[in-house]
Amino acid sequence: MSEAIRITRAATKKPKPKDSELGFGTVFTDHMFLADFQEEKGWYDPRIEPYGPLTLDPATAVFHYAQAVFEGLKAFRGVDGRVRLFRPQKHIERLNRSARRMCISEMDPDFALRSLVELVGLERDWVPSSVGTSLYVRPTIIATEPFLGVRPAKSYLYFVILSPVGAYYPEGMNPVKILVMEKYVRAVEGGVGAAKTGGNYAASLLPAEEAHAAGFTQVLYLDGLHRRDVEEVGTMNIMFRLGDEVVTPPLGGTILAGVTRDSALTLMREWGLAISERQIGIDEVIAAARDGSLREAWGTGTAAVISPVGELAYRGERIVIHGGRIGELTQRLYQAIVDVQYARVPDTRGWTLEV
Ligand code: COI
C-alpha cells in the first residue's frame with residue numbers, strides 16, 4: 001500500500017512514567033497506527049490517531065472465534081541517544097506467516113515496516129533510555145466483520161500500539177523456577193503453535209496459574225503427542241547447554257520461531273559453539289542434570305530477552321541448574337544481544353533499523 005499516512009495528533013500529551021517505574025505493558029503512548037482491510041479493496045486508509053478505545057459491534061468475528069494475530073518487538077534508545085527498532089523485518093515476516101495460518105490477508109512487508117517506523121518516529125520521546133527498558137511495539141490484526149458463521153472474515157483491522165516497558169518478569173535476569181507440565185500441552189503437530197495468535201496465550205493461562213499456585217514462575221511444555229520432548233518455556237523458546245553442545249527444539253510447526261531464539265543461535269554459531277536444533281526429551285534433560293552435563297538452561301523471547309532457568313521440577317523431583325545462578329553463556333548471550341540493541345557495539349548483522 002503506497003497510500004499516504006493520515007496523521008491526527010493528540011490534543012494533549014500524557015505524562016511519561018519514570019524509567020524506574022516501568023513494568024510491562026501497562027502504559028501506552030499518545031498515538032496508535034490503524035489501517036483497514038476489505039476483501040474488495042485490500043488494505044487501505046493507513047492513519048495515525050490519538051490512542052484510544054476501538055468501537056466494535058458485539059458480533060465482530062474476533063470476539064467469537066479469535067481470528068487474530070499479533071507481534072511483539074522493541075525499539076531501544078541507544079547510548080548515542082538514537083532510536084532503533086530491533087529486527088523489525090523478521091517480526092513482519094512472522095506476522096505474515098501467522099496471518100496465513102489464521103486465514104488473514106497478509107500485509108505488504110514494506111507497508112508494515114513503514115507503519116512501525118512512522119509511529120515509533122512520531123512517539124520517539126516515549127522511548128526510555130535506562131538499561132532494561134525499551135518501547136514495546138505491538139502490531140495486531142483482528143477480524144472485524146460482524147458475522148457469526150465460521151469462515152474467514154471479509155474485513156480486518158491492523159493496529160499498532162506502543163508501550164514503554166521495563167522487565168517482563170519481576171525477577172528480571174534472576175533465574176526462574178519452572179514446572180515441567182505434563183497435564184496440559186501448548187500445541188500439537190498441525191495445530192497453531194507456530195502462529196502468534198491470542199488463543200495460544202489464552203490456553204497458557206490455566207497451566208501458568210496452576211504453576212504459580214505451586215510456587216513456580218512458569219511452565220515447561222512437552223510435545224502434545226508423547227508428552228516427552230521439550231517444546232517451550234512459558235511464552236519463550238528454551239535452550240540447554242549440555243556438555244559442549246547447546247540444544248534447542250527445532251522449528252517443526254509446534255513452537256514459535258522466536259526472533260531472540262534466532263539472534264541467540266546466530267551469535268553462538270559465530271562464537272564457534274556446537275548448536276543442535278533437535279528434539280530433546282525431558283528424560284535426557286533430567287539424566288544430564290543427574291550426571292552433571294546439564295550446565296545451563298535459559299529461555300529466549302523479545303519481552304524478557306534471556307531468562308535463566310534456575311530450577312526445574314519434574315514428577316516431584318527438583319533439579320537445580322548451575323546452582324540456581326546465572327550461567328556464564330546465559331550471561332554472555334544477554335550481554336551480546338543488549339549491546340547490539342542499545343548500540344553499545346556496532347551492528348554488523350543489520351539487526352537494527354534507526355527510526
Ligand atoms: C515474548 O516476547 O517473549 C512473549 O512472547 C511475551 C509476550 C506475548 C508478552
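Excluded from the calculations below are hydrogen atoms, water molecules and symmetry mates; all remaining heavy atoms, backbone and side chain alike, are included. One-based numbering, in listed order, for ligands and for the atoms of each.
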*May I ask you to check whether T302 has an N/O atom sitting below 3.5 Å from an N/O atom of ligand 1?*
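Yes; the residue has a nitrogen or oxygen that sits under 3.5 Å from a nitrogen or oxygen of the ligand.
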*Distance-only N or O hit between ligand 1 and G301, under 3.5 Å*: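 It does not: no N or O of G301 is found under 3.5 Å from an N or O of ligand 1.
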*Find out whether W298 and Y334 are in side-chain contact, i.e. whether some heavy atom of one side chain is under 4.5 Å from a heavy atom of the other.*
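With C-beta onward as the side chain, the pair stays apart.
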*Kindly check if the number of other-residue, nucleotide or ligand heavy atoms within 6.0 Å of NZ (K14) is above 12?*
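Enclosed: over 12 neighbouring heavy atoms sit under 6.0 Å from NZ of K14.
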Shortest protein contact, [atom] (heavy atom only):
atom: atom 8 (C) of ligand 1; answer: Y201 CE2, 3.7 Å
atom: atom 7 (C) of ligand 1; answer: Y136 OH, 3.8 Å
atom: atom 6 (C) of ligand 1; answer: T235 OG1, 3.5 Å
atom: atom 2 (O) of ligand 1; answer: A303 N, 2.8 Å

*Pick one of side chain, backbone, both or neither for how K196 approaches ligand 1, counting any non-hydrogen atom pair under 4.0 Å.*
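The part of K196 near ligand 1 is the side chain, not the backbone.
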*Would you say V185 and V233 are hydrophobically clustered, going by side-chain heavy atoms of ILVMFWY under 4.5 Å?*
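Cluster IDs for V185 and V233 differ.
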*Would you verify whether the NZ or CZ of R318 falls within 45 degrees of the ring axis of Y314 while also being under 6.0 Å from that six-membered ring's centre?*
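Relative to the ring axis of Y314, which defines the angle, R318 lies outside at least one limit.
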*Anything under 30° is parallel, anything over 60° is perpendicular, the rest tilted; go ahead and classify Y156 against W43.*
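If you compare the ring of Y156 with that of W43, the planes turn out tilted.
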_Expected output: side-chain T330 to main-chain P308 donor-acceptor under 3.5 Å_ =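 Side chain of T330 to backbone of P308: no pair is present.
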